[in-house]
S.K.: 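Have a look at this one before I ask anything.
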Amino acid sequence: MKEVKTEAIRNIGIMAHIDAGKTTTTERILYYTGKNYKIGEVHDGTATMDWMVQEQERGITITAAATTCFWDNHRINIIDTPGHVDFTIEVERSLRVLDGAVGVFCGVGGVQPQSETVWRQAERYNVPRIAYVNKLDRVGANFLNVVNEIESKLKKKPLILQLPIGEEENFVGLTNLITKEKLIWKGEDLGEDFELSAWDETDENKVARESLLETLSEYDDDLLEKLLEGEEPTVEEIESYIRKFTIENKIIPCLCGSSFKNKGVQPLMDAIVKFLPSPIDIGDTVGFDIKDHDKEVKRKPTDQEPFSGLAFKIATDPFVGSLTFVRIYSGELKTGGMVYNPIEKKKERVAKILLMHANKREERAVAKVGDIVAFVGMKNTVTGQTLCQENKPIIYDLMEFPESVISIAIEPKTSADEGKLDSVLKQLSFEDPTFRFQQNKETGQLLIFGMGELHLEILVDRMQREHNVKINVGQPQVSFREGVLSEAVGENNYEREVGGKTQTGHCKLIVKPNNTEKNNLKITVTEREYPKEVLQAIKDGIEDSYLSGIKAGYSIIGVDIEVTHVKFIEESANEVAYKIAASMAFKDACMNSTYTLKEPVMTLEVMTPSDFSGDIISDISAKRGKIQNISSKEAEEVIKAEVPLIELFGYSTTVRSKSQGRASFTMIFDHYEDMDIKIYKPLLEKKGIYI
């Protein structure tokens with residue numbers, strides 16, 4: 001593979017709502033850049049980036065896939081991310097390491113719910129973006145409507161760089177407002193036959209170009225002065241302004257096309273190269289000192305700096321084993337080199353460095369700044385951890401992962417399957433931070449937790465197909481949380497004799513609700529100076545108790561804990577005894593308080609033809625839902641509501657029956673809410689728990 005300078009590298013993600021055309025767009029990019037010799041299609045199950053069997057069968061992207069291609073002497077590392085909300089973690093960890101992103105929007109659907117979710121994720125990591133409005137050949141497509149939604153819903157300043165030529169089935173090309181040229185694609189070939197000519201001198205084109213320049217002048221006084229004097233900026237000047245303000249996240253360049261009809265993808269590639277940043281443009285990467293987390297440490301994006309990178313994804317390859325995907329931020333690393341994990345405080349040898357093209361591999365001798373590669377040989381590194389030189393340590397920000405709100409019970413079919421299941425579950429949870437499993441102490445059931453019904457369905461499918469483990473699967477269950485509604489005190493004096501020596505620990509504390517989804521622990525004992533080890537043992541004992549629950553075994557949330565008194569007898573004080581005393585005091589306080597069960601509440605968004613909106617609204621109300629907003633879009637209505645997850649199992653069947661199959665919906669976890677005792681009491685009684 002040919003080498004390029006760091007300033008000619010673009011690390012980008014393709015992100016959007018499900019079915020907006022991300023993978024279809026990526027397939028065209030790979031074809032036009034010469035990476036693929038033919039175009040794969042999602043609906044045929046032949047898309048390069050959807051390489052998993054589960055992706056090909058369902059026609060959706062499940063896992064973020066990486067690839068590398070070249071355009072205009074630039075190397076573009078692309079990550080194609082999922083659009084389904086159940087796999088939002090794949091978008092999250094990809095955006096964490098990318099320098100830029102292309103937001104793909106459906107020309108008909110516009111800014112859809114998952115579009116907003118991924119946009120917020122990109123905002124969190126301050127990722128510069130380009131908007132590509134796709135599917136303009138479809139009935140009902142409207143480029144300007146989508147641009148207006150980007151401004152109103154996503155609260156970003158859109159900058160229209162192109163206007164479509166023709167509407168819906170008559171969409172044939174686009175007008176470039178920067179160069180005053182029009183691009184017309186010929187016939188129904190693969191998009192390689194097109195004609196470039198001077199634009200049409202229409203009022204619409206002139207007004208749109210004036211608007212483009214006026215928007216840019218809002219951010220630059222020199223350009224404003226030039227425009228006021230009637231001076232026309234050159235194409236190069238306009239492009240340099242667009243690049244500068246895109247990288248500064250002030251504007252969102254908006255382009256148009258129809259990827260499936262092979263129109264608009266080459267100009268999108270030009271825009272990626274011209275307007276999205278290189279690792280050099282992003283500048284120094286800020287991390288933290290290994291000993292003092294308040295002290296910043298920086299790494300410049302050069303090969304001469306000490307090596308540092310971030311592991312953002314773990315995957316299993318049937319031929320080479322575990323792959324650790326790493327973004328290199330500074331320095332370089334050769335095959336066989338040693339890296340240091342400052343979180344785990346362990347060194348690891350990199351057996352191989354691979355450049356990935358979906359599920360295909362290309363070995364590299366060295367990884368350099370800006371590279372996105374996969375390391376083979378990592379045994380201790382998990383998603384979100386930093387890799388660096390041992391003598392020049394640095395820690396980059398850890399990633400935050402969303403709560404898993406749904407679970408199912410599974411059991412192995414045979415004793416042979418039982419032997420394999422534990423290692424398979426550990427491997428899957430290693431790969432996917434939103435997947436977890438635990439044994440329910442009350443029922444003895446093995447529960448697996450995920451982000452949604454589809455997420456769990458895919459995980460079960462992978463266990464059976466990839467890992468050949470036969471399992472019985474129960475019905476999906478809601479992952480509730482437990483909490484308190486009143487202030488209460490707990491106290492425990494723990495004493496035991498070990499080897500003829502008494503070991504003691506004591507803790508007294510207060511619990512009370514805090515109306516959040518976090519637990520806050522405060523130790524306010526002031527009567528004397530306690531050893532740090534004792535206070536840490538008390539802290540560990542309480543925090544370890546969060547997961548075991550109060551009555552039903554669900555995690556505890558929304559509690560303030562204040563440790564008010566600790567007895568300390570120097571001769572018999574013991575860390576384990578204090579840990580147990582603190583845990584038991586916390587449990588007692590929660591039992592003494594007024595109990596509550598909290599349920600996950602989802603934000604539900606239903607798009608339906610107006611004729612069926614009444615039935616759908618009535619059904620949402622019957623499901624204890626609260627309507628938040630109803631808006632109209634073309635001939636459809638968008639109903640936004642908050643609905644308890646427990647009411648939404650099998651909702652796809654319900655919404656189809658209420659709309660003759662014409663409505664669609666998305667839902668995403670929003671918050672936990674206290675349940676009415678009349679609702680949760682029978683739920684707990686089914687488990688043999690009586691309030």
S.K.: Ignoring hydrogens, what is the shortest heavy-atom contact between A589 and L509? Give both atom names and the distance.
M.R.: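 Nearest pair, atom of A589 first, then L509: CB-CD1, 3.7 Å.
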S.K.: Does a side chain donor of either T381 or E348 reach within less than 3.5 Å of an acceptor in the other side chain?
M.R.: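 The criterion, which ignores hydrogens and geometry beyond distance, is satisfied for E348 and T381.
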S.K.: Listed by chain and number, what are the side chain to side chain contact (heavy atoms under 4.5 Å, CB included) partners of T414, not counting sequence neighbours?
M.R.: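 For T414, the residues satisfying side chain to side chain contact (heavy atoms under 4.5 Å, CB included) (neighbours in sequence not counted) are A416, D417.
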S.K.: Should we say atom NZ of K420 is surrounded by more than 12 heavy atoms from elsewhere, each under 6.0 Å from it?
M.R.: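 Buried by this count: over 12 neighbours within 6.0 Å.
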S.K.: Take D544 and K579 through the salt bridge (charged side-chain N to carboxylate O under 4.0 Å, His left out) test and state the conclusion after the steps.
M.R.: CA-CA 9 Å; D544 289 351; K579 187 173 181 180; 3.2 Å; yes
S.K.: Could you walk me through whether V460 and I408 pass the side-chain contact (heavy atoms from CB on, under 4.5 Å) check?
M.R.: CA-CA 10 Å; V460 167; I408 53 174; 3.7 Å; yes
S.K.: Does one side chain, of S593 or S486, offer a donor that lies under 3.5 Å from an acceptor on the other?
M.R.: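 Yes.
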S.K.: With side chains defined as the heavy atoms from C-beta onward, is the minimum distance between V326 and F312 less than 4.5 Å?
M.R.: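 Side-chain contact under 4.5 Å: no.
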S.K.: More than 12 heavy atoms of other residues, nucleotides or ligands under 6.0 Å from CG of N515: yes or no?
M.R.: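 Open.
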S.K.: Rounded at 0.5 Å granularity, tell me how far OH in Y651 sits from CG in L604.
M.R.: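 So the OH of Y651 and the CG of L604 are separated by 5.0 Å.
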S.K.: Do N341 and T386 have side chains that approach each other closer than 4.5 Å (heavy atoms only, starting at C-beta)?
M.R.: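 No, too far: nothing below the 4.5 Å cut-off.
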S.K.: Would you confirm whether the ring centroid of F288 sits within less than 6.0 angstrom of the ring centroid of Y396?
M.R.: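 Ring centroids of Y396 and F288 are no less than 6.0 Å from each other.
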S.K.: For residues N468 and K470, is any side-chain donor paired with an opposing acceptor at under 3.5 Å?
M.R.: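 N468 vs K470: donor-acceptor pair found between side chains.
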S.K.: With no hydrogens and no angle check, do the side chains of E599 and Y672 hold a donor and an acceptor under 3.5 Å apart?
M.R.: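 There is no such pair (donor and acceptor under 3.5 Å, judged by atom type) between the side chains of E599 and Y672.
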S.K.: Supply the atom-to-atom distance W119 CH2 to R129 CZ, rounded to the nearest 0.5 angstrom.
M.R.: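 These two atoms lie 5.0 Å from each other.
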S.K.: Might you work through the side-chain contact (heavy atoms from CB on, under 4.5 Å) test for K587 and N492, ending with a clear yes or no?
M.R.: CA-CA 10 Å; K587 186 90 171 181; N492 187 270; over 6 Å; no
S.K.: Output yes when a side-chain donor or acceptor of N592 lies under 3.5 Å from a complementary backbone atom of D588, and no otherwise.
M.R.: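 Judged by distance alone, yes, a pair lies under 3.5 Å.
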S.K.: Heavy-atom distance under 4.5 Å between the side chains of K623 and D619, does that happen here?
M.R.: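 K623 reaches D619 side chain to side chain.
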S.K.: Verify whether one side chain among R462 and Q464 offers a donor that lies under 3.5 Å from an acceptor in the other.
M.R.: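 No - no donor-acceptor pair under 3.5 Å links their side chains.
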S.K.: In a table with atom names and distances, give each donor-acceptor pair under 3.5 Å that connects a side chain of residues 552-560 to protein atoms at least two apart or in another chain.
M.R.:
unit_1, atom_1, unit_2, atom_2, d
Y554, OH, K687, NZ, 3.2
D560, OD1, N514, ND2, 3.0
D560, OD1, N520, ND2, 3.0

S.K.: Scan side-chain atoms only and decide if S479 and S407 contain a donor-acceptor pair under the 3.5 Å cut-off.
M.R.: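 S407 and S479 do not have a side-chain donor-acceptor pair below 3.5 Å.
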S.K.: Within the supplied structure, the quantity of interest is the number of heavy atoms (other residues, nucleotides, ligands) at a distance under 6.0 Å from M607 CE; does it exceed 12?
M.R.: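 More than 12 within 6.0 Å, yes.
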S.K.: Does the side-chain contact (heavy atoms from CB on, under 4.5 Å) test come out yes or no for V484 and I550, once each step is laid out?
M.R.: CA-CA 9 Å; V484 300; I550 302 169; 4.2 Å; yes
S.K.: Inspect the surroundings of NZ in K598 and state if more than 12 heavy atoms from other residues, nucleotides or ligands are less than 6.0 Å away.
M.R.: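 More than 12 heavy atoms, drawn from other residues, nucleotides or ligands, come within 6.0 Å of this atom.
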S.K.: For L447 and F449, which heavy atoms make the closest approach, and how far apart are they?
M.R.: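 In terms of heavy atoms, the two residues are closest at CB-CE1, 3.8 Å.
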S.K.: Mind listing the closest non-hydrogen atom pair of M463 and I448 along with its distance?
M.R.: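 Closest approach of M463 to I448: CE-CD1, 3.9 Å.
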S.K.: As an exercise, state the distance from NZ of K153 to OG of S631, rounded to the nearest 0.5 Å.
M.R.: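 So the NZ of K153 and the OG of S631 are separated by 6.0 Å.
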S.K.: Would you indicate whether the side-chain heavy atoms of L485 and Y595 approach each other to under 4.5 Å?
M.R.: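 Not touching, per the 4.5 Å side-chain cut-off.
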S.K.: Taking the side chain as every heavy atom from C-beta outward, state whether I406 and L456 have any atom pair closer than 4.5 Å.
M.R.: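 Contact flag for I406/L456 side chains = yes.
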S.K.: Any ion pair linking K626 and E673 (charged N to carboxylate O, less than 4.0 Å)?
M.R.: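 K626 and E673: salt-bridged.
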S.K.: If you take all heavy atoms of A122 and L95, which pair is closest and at what distance?
M.R.: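 That closest heavy-atom pairing would be N-CD1, 3.6 Å.
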S.K.: Quick one: OG1 on T654 to CD on E647, what's the gap to the nearest 0.5 Å?
M.R.: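 Separation between the atoms: 10.5 Å.
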S.K.: So which heavy atom on S429 is nearest to which on K426, and how close?
M.R.: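 Heavy atoms only, the tightest pair is OG-O, 3.0 Å.
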S.K.: Is there side-chain contact between I617 and I620, with at least one heavy-atom pair below 4.5 Å?
M.R.: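 No, their side chains stay 4.5 Å or more apart.
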S.K.: Looking just at side-chain N and O atoms, do N380 and E344 make a donor-acceptor pair shorter than 3.5 Å?
M.R.: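 The criterion, which ignores hydrogens and geometry beyond distance, is not satisfied for E344 and N380.
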S.K.: Is K539 paired with E543 through a side-chain N to carboxylate O contact shorter than 4.0 Å?
M.R.: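 Salt bridge present between E543 and K539.
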S.K.: Determine whether a donor-acceptor pair (N or O, by modelled atom type, separation under 3.5 Å) exists between the side chain of S545 and the backbone of G541.
M.R.: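 Present.
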S.K.: In the structure I gave you, are the side-chain heavy atoms of V638 and V606 within less than 4.5 Å of one another anywhere?
M.R.: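 Side chain of V638 against side chain of V606, heavy atoms only: no contact under 4.5 Å found.
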S.K.: For the residue pair V376 and L323, what are the closest heavy atoms and their distance?
M.R.: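 Nearest heavy atoms, V376 then L323: CG2-CD2, 3.6 Å.
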S.K.: How far does CD1 of I561 sit from CD1 of I510, to the nearest 0.5 angstrom?
M.R.: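 Output value for this atom pair is 11.5 Å.
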S.K.: After noting the C-alpha distance and the side-chain angles of E482 and L597, does the key distance pass the side-chain contact (heavy atoms from CB on, under 4.5 Å) rule?
M.R.: CA-CA 5 Å; E482 295 181 86; L597 192 67; 3.9 Å; yes
S.K.: To the nearest 0.5 Å, how far apart are CG in N472 and NZ in K413?
M.R.: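 Reported value, rounded in 0.5 Å steps: 5.0 Å.
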S.K.: Contact between I646 and R624 at the side-chain level, heavy atoms closer than 4.5 Å - yes or no?
M.R.: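 Side-chain contact under 4.5 Å: yes.
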